[in-house]
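FYI, the numbering just counts along the sequence from 1.
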Amino acid sequence: MATSSDYWEDLRKQARRLENELDLKLVSFSKLCTSYSSSSNKTRDSRSDSGSTQDNMLVAMTTELEQLLANLTGVNDKMAEYTNSPGVSLHNAALMHTLQRHRDILQDYNQEFHKTKSNFFSLREREDLLGSVHRDIESYKSSSGVNNRKTELFLKEHEHLRNSDRLIDNAISIAMSTKENITFQRGMLKSIQTRVTTLANRFPAINGLIQKINLRKRRDSLILGGVIGVCTILLLLYTFH
């Protein structure tokens, strides 16, 4: 049974290590996407090299996060297999609680990753579209050779698009920053919850002691309330007689 218990603890350590690594990687991924969004405020020509570098970094980080999520899913599957194996039925309730907690964390990370990834690809598609419009305008200006009324209208429309794009990028940056703060706070709360659960599981006598203290405090409060009530009634009887 010691070997089986060691195997379970090893799986839990692997899960916690992967969860911590995923948490850090997701924060970095979110910051990189926000940086990519901010760089779109520059001209397309000035950000072509840096944009390509950011694209490569984001794609590489996407692949790395997908691999980490796959590894964590594999560890959770092994933990599920262990809970269903013979000889662990006595501890099945506690094991299932731990397994469910790790599954919830994995689900949160999957949702956060896919949302950030979707935002990044949407932003890149919009950048490619606006870059294509910009190139078409420059090509049109070069071929015409004159700034006629039609070109001016086209440029004004393009400027409106860029202003709208800038407003959208600012909104996305604010949303990313808010999400990053929420993610950090969620990580703090999960860490506190994990420590409390670990202490409760490790020292079950503490829970019993706390319950006994609460019962004794409640009993003392009832006794004190009864004494005060009797004294009040006696005082009233003495006053009116």
[X] versus [Y]: any side-chain heavy-atom pair under 4.5 Å?
X: E159; Y: K156; result: no
X: F113; Y: T62; result: yes
X: R12; Y: M79; result: yes
X: K31; Y: M176; result: no

Which class fits the ring pair Y7 and Y82: parallel under 30°, tilted 30 to 60°, perpendicular over 60°?
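Answer is tilted, since the angle falls between 30° and 60°.
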For the [atom1] atom of [X] and the [atom2] atom of [Y], what is their distance to the nearest 0.5 Å?
X: R17; Y: N71; atom1: CZ; atom2: CG; value: 8.0 Å
X: N76; Y: E81; atom1: CG; atom2: CD; value: 11.5 Å
X: L24; Y: L68; atom1: CG; atom2: CG; value: 10.5 Å
X: R216; Y: I223; atom1: CZ; atom2: CD1; value: 10.5 Å
X: S28; Y: L65; atom1: OG; atom2: CG; value: 9.0 Å
X: L18; Y: L69; atom1: CG; atom2: CG; value: 9.5 Å

Qualifying salt bridge (charged side-chain N to carboxylate O under 4.0 Å, His left out) pairs with a residue from residues 107-116, counting only residues at least two apart or across chains:
D108-K190, E112-K179, E112-R186
Salt bridge (charged side-chain N to carboxylate O under 4.0 Å, His left out) pairs, two or more places apart, involving residues 59-80:
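For residues 59-80: K25-E64, E66-K117.
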On a heavy-atom basis, which atom in [X] and which in [Y] lie closest, and how many Å separate them?
X: L99; Y: A80; result: CD2-CA, 3.6 Å
X: L72; Y: L22; result: CD2-CD1, 3.6 Å
X: T83; Y: L95; result: CG2-CB, 3.8 Å

Full working for side-chain contact (heavy atoms from CB on, under 4.5 Å) between D10 and Q14
CA-CA 6 Å; D10 183 61; Q14 292 181 40; 2.8 Å; yes
Before giving the answer on side-chain contact (heavy atoms from CB on, under 4.5 Å), spell out for R101 and T98 the whole-Å C-alpha distance, their side-chain angles and the decisive distance to 0.1 Å.
CA-CA 5 Å; R101 181 164 53 83; T98 302; 3.9 Å; yes
Under 4.5 Å between side-chain heavy atoms, hopping through other hydrophobics if needed: is there a path connecting V27 to L58?
no
Short side-chain to backbone donor-acceptor contact, D23 and E19, under 3.5 Å
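No: the side chain of D23 does not pair with the backbone of E19.
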Output yes when a side-chain donor or acceptor of S30 lies under 3.5 Å from a complementary backbone atom of L26, and no otherwise.
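Side chain of S30 to backbone of L26: no pair is present.
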